[in-house]
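If you read the sequence from its start, that first residue is 1, and numbering goes on from there.
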Amino acid sequence: MSERGEVKRMPEQMKQQLVPVKIYRTEERLMVAAPMPGLEPENIVVEVTADGHLLLHGDLRGMLKGVKELLLDEWSVGVYHRELALPIPVNAMCANVTYGNGVLLVTLPISQHTLPARLVLDRITPTHGERKGNVGHPPTCVQP
């Protein structure tokens, strides 16, 4: 509201957000965790490129619908995007990816050479998804 009691109408803004990540590893796996709240599993794409980069991308499909007035807009569940160089080669074809409680977890088996792949999630519930590449058992992986 303005000082005169008038309501200022503002449209909801779509803002691309940089995704903060945590990267950690064991002897066999590299894991990347990234908060990406407000998405549905089919709106998330994870890609490992041949040059060893990880791309995390999430598109928001629905803005606030039916809202008559947006009075204050301080945060957004907008488009998410992050690209980062992986510290070691991984086999993306055998990766596991899960999404739940607004957090994306990518588990990549460590490899001699980077094997690229584009990974999409299967919906389990409206807010949970997964992609099973190797189900946590590194040497055995069914590759397409």
Side-chain angles (χ1 to χ4, degrees), residues 1-2 7-144:
M1 276 194 180
S2 70
V7 175
K8 291 184 179 180
R9 294 183 187 267
M10 64 178 93
E12 186 175 14
Q13 300 292 313
M14 284 291 282
K15 303 169 192 154
Q16 181 168 309
Q17 300 179 75
L18 179 69
V19 181
V21 297
K22 285 189 180 190
I23 300 176
Y24 46 103
R25 70 174 282 181
T26 65
E27 286 185 30
E28 301 171 334
R29 297 178 191 93
L30 185 71
M31 284 132 330
V32 179
M36 297 171 72
L39 299 177
E40 294 181 17
E42 61 268 17
N43 303 137
I44 299 170
V45 175
V46 177
E47 186 172 354
V48 174
T49 63
D51 64 351
H53 282 82
L54 175 68
L55 287 82
L56 305 176
H57 188 79
D59 285 322
L60 182 66
R61 289 293 181 220
M63 300 291 278
L64 293 174
K65 294 179 182 171
V67 173
K68 297 196 185 276
E69 298 176 29
L70 180 61
L71 302 176
L72 188 60
D73 187 11
E74 293 184 340
W75 67 276
S76 174
V77 286
V79 175
Y80 296 98
H81 186 79
R82 181 69 187 265
E83 180 175 345
L84 54 122
L86 292 170
I88 53 179
V90 296
N91 179 347
M93 296 173 77
C94 293
N96 290 339
V97 183
T98 58
Y99 178 73
N101 297 324
V103 177
L104 180 71
L105 181 61
V106 182
T107 304
L108 301 152
I110 295 171
S111 178
Q112 294 292 325
H113 305 284
T114 296
L115 297 172
R118 182 177 174 93
L119 312 168
V120 293
L121 298 166
D122 294 323
R123 178 192 285 256
I124 296 172
T125 68
T127 59
H128 288 75
E130 71 180 4
R131 189 251 185 212
K132 293 182 179 179
N134 69 341
V135 196
H137 305 288
T140 56
C141 169
V142 177
Q143 298 182 13

Problem set entry | Heavy-atom pair of closest approach, residues H57 and D59 | NE2-OD1, 3.0 Å

Problem set entry | Heavy-atom side-chain proximity of Y80 to P37 below 4.5 angstrom | yes

Problem set entry | Distance-minimising heavy-atom pair for S111 and N91 | CB-N, 3.7 Å

For this session: Please say whether more than 12 non-hydrogen atoms of neighbouring residues, nucleotides or ligands are located less than 6.0 Å from CG in D51.
Result: yes

Seminar exercise, completed: Between C94 and R131 the two heavy atoms that sit nearest each other are C-NH1, 4.2 Å

Exercise. Just wondering, do V46 and V32 contact through their side chains at under 4.5 Å, heavy atoms?
Worked result: no

Problem set entry | Side chain N96, main chain G133, donor-acceptor under 3.5 Å | yes

Problem set entry | Closest contact, heavy atoms only, A92 versus L108 | CA-CD2, 4.0 Å

Exercise. With no hydrogens and no angle check, is any side-chain donor or acceptor of R118 less than 3.5 Å from a backbone partner on V45?
Worked result: no

For this session: Report yes or no: does Y99 contribute a side-chain atom to a donor-acceptor pair with the main-chain N or O of E42 at less than 3.5 Å?
Result: no

Problem set entry | Non-hydrogen side-chain atoms of I44 and V97 separated by less than 4.5 Å | no

Seminar exercise, completed: Here the gap from L115 atom CG to H113 atom NE2, rounded to the nearest 0.5 Å, amounts to 8.5 Å

Problem set entry | Non-hydrogen atoms of L30 and I110 that approach each other most closely | N-CG1, 4.1 Å

For this session: From the options T49, L54, T114, select the one residue that forms a side chain to side chain contact (heavy atoms under 4.5 Å, CB included) with L86.
Result: L54

Problem set entry | From E130 atom CD to L105 atom CG, the distance as rounded to the nearest 0.5 Å | 12.0 Å

Exercise. How long is the gap from NE2 on H53 to CG on L84, to the nearest 0.5 Å?
Worked result: 8.0 Å

Seminar exercise, completed: Between H128 and P41, the two heavy atoms sitting closest are O-CG, 3.2 Å

Exercise. Measuring from R25:CZ to E27:CD, what's the distance to the nearest 0.5 Å?
Worked result: 8.0 Å

